[in-house]
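Letters A, B, ... are given to chains in the order of the sequence lines, protein chains preceding strands, and every chain is numbered from 1. Every value quoted in this text rests on a predicted model; they were computed, and no experiment measured them.
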There are 2 protein chains.
Amino acid sequence: MNNRKIDNLDLEILNILQVDGKVSNAEIARKVGKAPSAVLERVRKLKQSGIIKGYECIVDHKALGSGLTAFTSIRVEEGVGATEVGQRLAEFPEVLEVHYTAGRDSYLVKVRVEDTEALQATLAKFGTLGPVRDTNSTIVLTTVKESRVIPLPGDDK
Amino acid sequence: MNNRKIDNLDLEILNILQVDGKVSNAEIARKVGKAPSAVLERVRKLKQSGIIKGYECIVDHKALGSGLTAFTSIRVEEGVGATEVGQRLAEFPEVLEVHYTAGRDSYLVKVRVEDTEALQATLAKFGTLGPVRDTNSTIVLTTVKESRVIPLPGDDK
DNA sequence: ACTGAAACGATGAATGA
DNA sequence: TCATTCATCGTTTCAGT
């Protein structure tokens, strides 16, 4: 996790990769006007320094038995064991995201399961985690956008 | 978006790709014991049928100027124009996710910006979107897990 | 649907500017 | 840090089963 200096070329490369993680180095090289080996070096260093964390294949969760998305707020007892609850929550495969949030000593988790029945089962498991006080779920009806692409400084240049 | 029948081999391939979107077809072929061309055909059909939606490069948002994550609940006026608000919200690059949720006629959006000042600016933009009544933001302090990988039926076999 | 072979293109390392 | 070259490996097409 070295702290590299990121220049415009890095941002160009990252912008291309954010939109499509499957583009080849050779194609990136063509787009940015550099040799493939130069791009390879850049990408490798971005990976090494932790700027590029990895690559994910985006699948259609609705077609694969996880059609129900919910956001659940989980209140935990303050103090000892609070951070441990987050780790435990993260271990559930149906829990895609675990965020510790400000304000009310609670976690906000994103859950993806088959149906409401499965959600109930998951919530029941949350209840057994120790210092969990109560949970509050919001069910997603439709998802308009779901992405990880963040705006990079290179966008407006 | 054709409705293909997904068999065990498809699930095996998807499980490999979900964990690492950059594995080569040749390596998948080795793992599942098939020829590379066979895997290529499978992956191509999964892509064509919409099961595989794409590939994303996961970047370190903290290192790239989007260190603040927030979940904002946006109440909208019922009735006409409600779905349009979702489309408008999705157009903001700093808005990564837009979910229409049950219960209170509201959107839940995931926002990723530089700091609280930038968040304030984004919230101000939300206010100009027409039928928006009020917003309620929850700031993320630490993210324990953030993934898109869903559990597939092939996992327990 | 899968195999195997063959052509093509990308990867990745070495060298040098 | 990048370009060039080159051996190696992956991708992709196609004929055959």
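Shown here for A:Pro131 and A:Leu129, the closest heavy-atom pair between the two residues is CD-O, 3.2 Å. A:Ala63 and B:Ile51 make their closest contact through CB-CD1, 3.6 Å (heavy atoms, listed as atom of the first residue, atom of the second, distance).
Salt-bridge annotation for B:Glu91 and B:Arg88: absent, with no side-chain N of the basic residue lying under 4.0 Å from a carboxylate O of the acidic one.
Regarding contacts with the backbone of D:dT1, every side-chain N or O of A:Lys34 stays at 4.0 angstrom or more from both OP1 and OP2.
B:Leu9 comes within 4.0 angstrom of the backbone, heavy atoms only, and of no base.
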| Can you check side-chain contact (heavy atoms from CB on, under 4.5 Å) on A:Val140 and B:Leu108, steps first, answer last? | CA-CA 9 Å; A:Val140 171; B:Leu108 181 62; 5.9 Å; no

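A cation-pi arrangement is found for A:Lys22 relative to B:Tyr55, the charged atom lying closer than 6.0 Å to the ring centre and inside a 45° cone about the ring normal.
Counting heavy atoms from C-beta on, the side chains of A:Leu141 and B:Thr101 never come closer than 4.5 Å.
No side-chain donor-acceptor contact under 3.5 Å links A:Glu56 to the backbone of B:Asp20.
When rounded to the nearest whole Å, the span between CG of A:Asp10 and C1' of D:dT1 equals 11 Å. We find that CG of A:Asn8 is positioned 15 Å from P of D:dT1, with the value rounded to whole Å. The nearest whole Å value for the distance from the CZ atom in B:Arg42 to the P atom in D:dT12 is 18 Å.
With rounding to the nearest 0.5 angstrom, the OG1 atom of B:Thr135 is 5.0 Å from the CG atom of B:Leu123.
Taking the C1' atoms of five terminal pairs at each end of the helix from C:dA1-D:dT17 to C:dA17-D:dT1, the two resulting helix axes are inclined by 30°, rounded to 10°.
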Pick out the pairs of N or O atoms, protein on one side and nucleotides 9-13 of chain C on the other, that lie under 3.5 Å.
{"unit_1": "C:dA10", "atom_1": "OP1", "unit_2": "A:Arg30", "atom_2": "NH2", "d": "2.8"}
{"unit_1": "C:dT11", "atom_1": "OP1", "unit_2": "A:Asn25", "atom_2": "N", "d": "3.2"}
{"unit_1": "C:dT11", "atom_1": "OP2", "unit_2": "A:Asn25", "atom_2": "N", "d": "3.2"}
{"unit_1": "C:dT11", "atom_1": "OP2", "unit_2": "A:Ala26", "atom_2": "N", "d": "3.1"}
{"unit_1": "C:dA13", "atom_1": "OP2", "unit_2": "A:Arg44", "atom_2": "NH1", "d": "3.0"}

